[in-house]
Every structure is written in structure tokens, then in C-alpha cells.
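Note that the structure is predicted; figures quoted are calculated from it, not measured. Quick note: numbers below take in every heavy atom, side chains included, and nothing from hydrogens, waters or symmetry partners. Lettering of chains follows the sequences in order, A, B, ..., and the numbering in each one begins at 1.
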Amino acid sequence: MLELQGVTKRFGDTVAVDNVSLACRRGEMVGIIGRSGAGKSTLLRMINRLSEPDAGKILWESREVSRLRGDDLRRWRRRCAMIFQQFNLCPRLDVVTNVLVGVVAERPLGPTLFKIFPAADRARAVLELDALDMAHAALQRAGTLSGGQQQRVAIARAMLQDPDVVLADEPVASLDPVNAEVVMEALQRICHERNVPVLVNLHSLEIARTYCTRVIAMAKGAVVFDGPPQGLTPAVLERVYGRRAGRTLEPLPAVEAA
Amino acid sequence: MTAAVEVFEQERRRVLRRRRAEALIGLLAFSALLALAFQRSEFFSADIGGDPLGRIGEFLARMVPDLKAEALLEDRQARGSLAWWYYDLPLWLRTGWQTVEMALIATTAGAAAACFAGFACARNLMPLAPVRFVVRRTLELIRTLPDLIVALILVAAFGVGPLAGVITLALSTFGSLGKLFAEVNEEVDPRPLEALEASGAGLARKIRYGVLPQVLPNYASYALLRLEGNVAAAAALGIVGAGGIGVELQRAITYTEFDTYLAILLLIVAMIFLIDIGSEQIRHRLIGLGAKR
Amino acid sequence: MTPADMDQALELSPRAVRPSWRDRVLRGLIGALALAALIAMAVDVGVTPTALAAGSGKLATFLRAMIPPNAGGELVRIVRALGETFAMAFAGTVLAAVAALPLGVFGAKSVVPQPLLHFGFRRVLDMFRGVPALVWALIFVAAFGLGPFGGVLALAIADVPGLAKLYAEAIENCDEKPLEGLRSAGAAPPVVLRYGLLPQVAPLMASQTLFFLESNFRNAAVLGIVGAGGIGFELEERIRIFAFDEVAFIVLLYVVCVAVLDTISQRLRARLA
Ligand SMILES: Nc1ncnc2c1ncn2[C@@H]1O[C@H](COP(=O)(O)OP(=O)(O)OP(=O)(O)O)[C@@H](O)[C@H]1O
Ligand SMILES: [Mg+2]
């Protein structure tokens, strides 16, 4: 179980994440919604420890991960796969190497610096790519792929991380509807097959309703709603997004974030 | 193993082989060139007097002036004072100023000529294709000539002195600015030109009222950039006898006064630096002006 | 001309379309002053029409003597000297790149985040960026004797500040996203640099170094003038004895070689992009 206890993050005067406490069980697909600047990205980044919380604890299976340092921290990051809106691949490296990044934390430093990996790792990487219909591009430079293809490579990398937790920060915000569906289905599959919690930041309520079993809404750094997607009534949405949302439920007003 | 993995491994071996071959060829070619370059230039085989590190140390020791803390602020007669180090400062400042003058004159003359050339080879302003062709080729030819070689020939013709340097710099300024100005002209906004044409203006008026107001800030900014380069180049030109502070550098070497060389070098660096800062300020203001226009 | 056209012209350059009298007088005054100052400077350094006329005759004779260009029976020697010049340029650029690499790394804001240190370091680089290679060559030849050693050293030292600055900028301007992606997967810092940073900056740095190499091919000829070896020495010798047909031959050959090398280097740079 992933637990957050009173997690807070400040940037100067702005409180990006304000005393957030929550718990996610294995197999839960959690959508996090909220206006731009609500603190969604900051929350996920703190779980992966790309960003340090100012207060509070983050626990995985009762172990405090917000305290880890050095190798332990890297091992946690490896187990806590993160998927980004802009994919964050290395554009000049080939696809398979980008996927193999998923195991670098566990492999000896010397050979990895020369991009040498065991054949078994390569085989796994190709199989993960193949599952996402990307094996044909394995030796192409990642930068030459389309956005949807790059995001699939990023998911293959996350798979190679053998994740205990999957975090996805607006994974479909720069993709067309078809690719968005492919990516969201892949995340859903991971959630079920591996039985891990998946936390997805989303700007589309429709996607949240379709794929998530639970929705957390944030406003100004705090959690203002936590429950099943059916609970997203106009009144709740007004609290999350402000006045306009109450009147025009769909489509979402928060596309301004893109 | 599944088919996908097998296909991948095969493809990977092929790609890897090709990449390794390419890398090997590249590495070999580079090493060969490097070895050849160092052999030809005798960099490591040069006989600089047995013990090279000692030689470099000795050189640095001769270049750094023998300043004494207690005598630092005394006059020229006191060994180890600043005034003793910079013993000919008035002359150096005068020749330094001469270098700046050379750069200013050359930049102005070159830029003025480049203005005409820039109009004469801009596709949107000069309708006669042969004229454009000739001007363009001329500018190209001038740009390919190495400055200091031109200077050498001009010194032979005009004698030792700043004149040869000024002509050299003016020529190369003309060559490079002519091309840049033409590019600026070709990117001019055509709307005011059309407005003027509609009112029956001729080519001269079109340029005066439609083009110049748009391009002048860009021209000035390029010319200033070139001025910065010309001050440094003018300092070097003195070394081949083309006037300015470079002559003093050459003289310091003739008398093997390495500490004097350093003194003048620092003076040149300061001079270039001041010009750069001043010109940068003006350029930033010009860019603001161009943006507002 | 319609009123709309007029408005447009006015908006694009109001003062050009309707200058006020005060503006015109002021501008004329400033122009006249600048012109006077320029003429005074020209007189001061001896750039006068008479001086110009005095030398033009000689220059014309020189130019006439250049045709037809002629190797003077010393083709082998010339080619050898030319090779030496290009070898100096190559060696100097490589040395400069090697020296500039650590300076560039430590000059990058992202590596040394101390602003004062960073600012001071950059300023020093900026100051010495302007010193031409010839100025360095003059003293190195005096210190280390005639020959290409001083020339190589001069080219290298003249290039270091400029290259270091470009390298530092390449590192500063790199895209952070890949690095973050690597960190998020638990990659150790050396792996982050090797996978995320190196593939981004190495091609850029190589391309900038090639650019400097091109410029050094162009400039290395002059080093011979102060005795630093190569074609410049041959040129100076022939200018001194007024053998202008041979001068023309050498310059032509040099310019053609530079053009060829430029093309090769540009091809390489295009491949790096
Ligand atoms: N590195 C940072 N430095 C300073 N302020 C930051 C930083 N990162 C985030 N913030 C601030 O923290 C707040 C929350 O930002 P965050 O990126 O988490 O929002 P978000 O909900 O992900 O928004 P979006 O939907 O636009 O991605 C914002 O006010 C933002 O300006
Ligand atoms: Mg965000």
C-alpha cells in the first residue's frame, strides 16, 4: 500500500502541495484531477522523489521512502516508474536503449556506461516493446518517433522497471484521441495484470471516468475530493475548477493547461 | 525465444556491425590526420631547447613583470613600480587610440560602401540581374581573401603606416557587411514599399522612405558588431607594419621586452573590452528600437 | 495613395513619413559633427586622398604583375608549406578543444551554480576572446624560436576562450527532460550524464569545433608572417621581392584549398545535426 501522511511542499510563498494524506491499495487506478497549478505534478514528483517534501511522510508497504538516500533511493525510484507528458526519453539514443534505462539502476555501472546489457534484458525490452506494437522501431532513434510512439516507448521502459507503483503525469495530454486510448489501456492493463497502484494526472474528466476506479481532486494543493468517479457531481466540480465548471460540465475548462 | 526477439537480435547485430565499422573508420581517419598534423607542424618534435617545460616556465617568468609591492606606486625611475612597467604609457595610449581610429574609419567606409552594394544585390530592390550577379561575386571574392595577406601587399604598396591597415579593414568590412546588408534588405516588409509605389514613388524615394527606416537599426547593429572585430583586427595589423598599437607589440619583441609585451597586451585587451561593452549597450538599444519601430 | 496606405506607412515609420523640423535640424547637426570627427581622425592617422593616390599607382603595378599567376618553379615547396599551414590549423584546433573542454564544463552555470564565480569566469573568457592569434604568435615565436610550434600554440590559445564559452553554453542550454526521465528510473549520476547529457552536447560541441577549424584554416596563413611557419612565410618572402605572380599563385591555391576543406567540414557538420 502506498501511503501519504501530511505531505507538504512549498516553493517560496506558494504552497504547491498542502498537507495531503491518502492511501492507495494495489490494483487501484487513481485519476488525479485539478486546475493547472493545483499541485498534481508536484505530488507525483514527490512520490518518485524527484522533488523533496518539506513536511510529511511517504510510505510504501509501511516503509518510509521519503527518507531514502543513495542506492536505496535509486532502487525505490526504479520500483516507482514515472511517465511524463513530454515522454522524457533521450531523443538521440535508440528506442531499445531508452527502454533498457528501466534496468540501469540494478546493473553494474561499468558496462552500462558503454551501453552494454545482458541479452536477457534486451530480450525483455523487445518483448515489452512488442506488446505495445513498437518492436519494429527498436533500433530507431527515439527522437524520430511520433508523440504517441514515444509515449509507448516510455511505457515499455516503465514496464522494465518492474514497478511497484506507476505514476503518470498527464501521459495523454499531448496525444491524439486514438493514441490516448492506447496509452490509457496500457496503463489499465499494468494496473490489473501486475496488481500495482497507478496514479494518473489527468485533464480530461471523460478519460478519468472511463478508466479510473477512483478519482482524487486537488485544488490549491489540497485534496478536495476523493472517491469513485460517480461522485463527481456538478457541485464537486465547481469546488475543483471554479464557477465555470458547474455550468459547462463537458468539455472541460482546464484545457488551458496545455 | 520468440520471433520478435530473434528478428531484433539479427537486426541489432547488423546495425552494430555497421556502427562499429563507421566508428573505427572515423577514429582511424581522425588519428591519422592528427598524427600527420602534429608531425607536419612539428609540435612535439620541435626543438625548443631541450627541456620544454622549463622553457615555458622561463618564458612565463620573463613575461611577468618584476613588480615590487613596496615600490608599486612610485615613478618610472623606481624599478618594480607600475609606472616603470608601463614606462611608455602615453605613447601606447596614443597608438592605441590610433588603432581605434583605424577601426572607426575602416568600419564607416566599409559600411557606407556596403550600403550601396547591399542595395545593388538585393533581389527585391535591384531589378537588373547582371548587376546583382557582379556585385555578389565581387563581395564573395573579397571575403575569401585572407585579411593579413591583403595587408601585407598593401603595406608594400602604400608604405608602412595606418593607411594600408585602414584599406584592408575597409575592404573586408565591405565584403562581409555587403552580404549581411543585402540579406537584411531582402527581408524587408513589402507593405510600405507597395504603399509608396501606389503613390507613384520612384526607386530612390522607395528606398529612402520605405526601406531605410526599416533596415537602419539592423545595419547599425551589424556595423557595430563588425567594429568590435575590427578593433581587434587593427591591433593585429600593426604587427605587419600597418600602424596602430600593433607596431609597439612588434617593437617590444624586437627588443625582447616580454614584460612590456604583456603590458601592451593587457592594454589591448582592456581596449577591446571597453569597445565591446560600449557597442553592446548601443546594440541592445538599437534592437529595442527595431522592435518598437 | 489611399488614406489607409498613408496610415500604414505612418505607423511603420512615423518619423520618416512626417519628420518635424526640429528633428531634421538636429539630425543634420549630429551628422555634420560625426563627419567632421571622422575626417579629423582620418587626417590624424594619415588616411588622405593624396596618400591614397600616391600608393595606388604602385598597387596597380603590383596587380598587373600578378597576371598570370606563376608557381616560379617551386610548386613542391609551396605545397609543402601549405600542408604545414593546414597541419598547424588542425593541431591548434585539437589542442584548443582539449583545453577548452574542462574550462567549458566548469564555466557552465548548471555545473558551477555560484553566480559570482560564474560571472567572473565568463568575463575573463570574454576579455581574451578578442585577442587575435597573430598577437600570440608574435610572442611565442620570440620565446620558442622560429617554426610552427609557436604558431600551433598561438592558434590553440586564441581559440580556447571562444570554444570554452560555446561549450559552456551547450551544456547550459541542454534539455533537462531526458535527464529527469533517467533520474526517475533510478539511474546513477554518471549514467544520467552518459545517457542524457553526452548525446545532447557532444554533437553540438563537435560541430562548434569544426566551425573553429574552418576559421583556423582561413587564418593560419598569417602566422607565417611572424615566422611561425607555413605558407605565410613564403608569401612574405615573395612580397618583399615583388614576385607578385608567385604571390597570386599561392593566394589562389590557398583560397581553393580553404574552399575544399570548408565544404568537407560543412558536410561533417550537417551529418552531426
Ligand atoms: N520548481 C518549481 N519552482 C517554483 N514553483 C514551482 C515549481 N514547481 C511547481 N511550482 C509551483 O507549484 C504549484 C503547483 O505546480 P504543479 O506543477 O504541481 O501544478 P499542476 O497541478 O501539475 O499543474 P498543471 O496542470 O499545469 O500541470 C504552481 O503554483 C507552480 O507554480
Ligand atoms: Mg503538471
Given side chains that start at C-beta, do those of [X] and [Y] come closer than 4.5 Å, heavy atoms only?
X: C/Val141; Y: B/Ile253; result: no
X: B/Phe30; Y: C/Val94; result: yes
X: B/Phe38; Y: C/Leu95; result: yes

Given heavy-atom pairs under 4.5 angstrom as the criterion, report whether the side chain, backbone, both or neither of [X] touches chain C.
X: B/Leu33; value: both
X: B/Thr108; value: side chain
X: B/Ile272; value: side chain
X: B/Leu212; value: neither
X: B/Gln250; value: both

Interatomic distance, [X] atom [atom1] to [Y] atom [atom2] [nearest 0.5 angstrom]:
X: C/Ile239; Y: B/Ile149; atom1: CD1; atom2: CD1; result: 7.5 Å
X: C/Met41; Y: B/Met102; atom1: CE; atom2: CE; result: 13.5 Å
X: C/Phe128; Y: B/Leu265; atom1: CZ; atom2: CG; result: 6.5 Å
X: C/Leu82; Y: B/Arg40; atom1: CG; atom2: CZ; result: 11.5 Å
X: B/Ile268; Y: C/Met127; atom1: CD1; atom2: CE; result: 12.5 Å
X: B/Ile153; Y: C/Leu63; atom1: CD1; atom2: CG; result: 8.0 Å

Taking every non-hydrogen atom, the tightest pair across [X] and [Y]:
X: C/Val226; Y: B/Ile239; result: CG1-CG2, 3.5 Å
X: B/Ala156; Y: C/Phe242; result: CB-CE2, 4.4 Å
X: B/Ala232; Y: C/Gly130; result: CB-O, 3.3 Å
X: B/Phe258; Y: C/Ile139; result: CG-CD1, 4.4 Å

query = If you tally heavy-atom pairs under 4.5 Å against chain C, which of B/Trp97, B/Phe273, B/Tyr261 wins?
reply = B/Tyr261
ask   = Relative to chain C, which of B/Asp276, B/Leu249, B/Ile167, B/Leu152 shows the most heavy atom pairs under 4.5 Å?
value =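 Max contact count across the listed options: B/Leu152.
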Which portion of [X] sits near chain B, non-hydrogen atoms under 4.5 angstrom:
X: C/Arg80; result: both
X: C/Leu138; result: both
X: C/Tyr254; result: side chain
X: C/Val258; result: neither
X: C/Ala54; result: neither

Contact winner vs chain B - [options], heavy-atom pairs under 4.5 Å:
options: C/Thr85, C/Leu235, C/Asp44; value: C/Asp44
options: C/Leu134, C/Val255, C/Val247, C/Val131; value: C/Leu134
options: C/Gly46, C/Ser56, C/Gly230, C/Gly151; value: C/Ser56
options: C/Thr61, C/Val47, C/Val135; value: C/Val135

query = Around atom CZ of B/Arg137, are there more than 12 heavy atoms of other residues, nucleotides or ligands at under 6.0 Å?
reply =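 Yes - once you tally the heavy atoms of other residues, nucleotides and ligands closer than 6.0 Å, there are more than 12.
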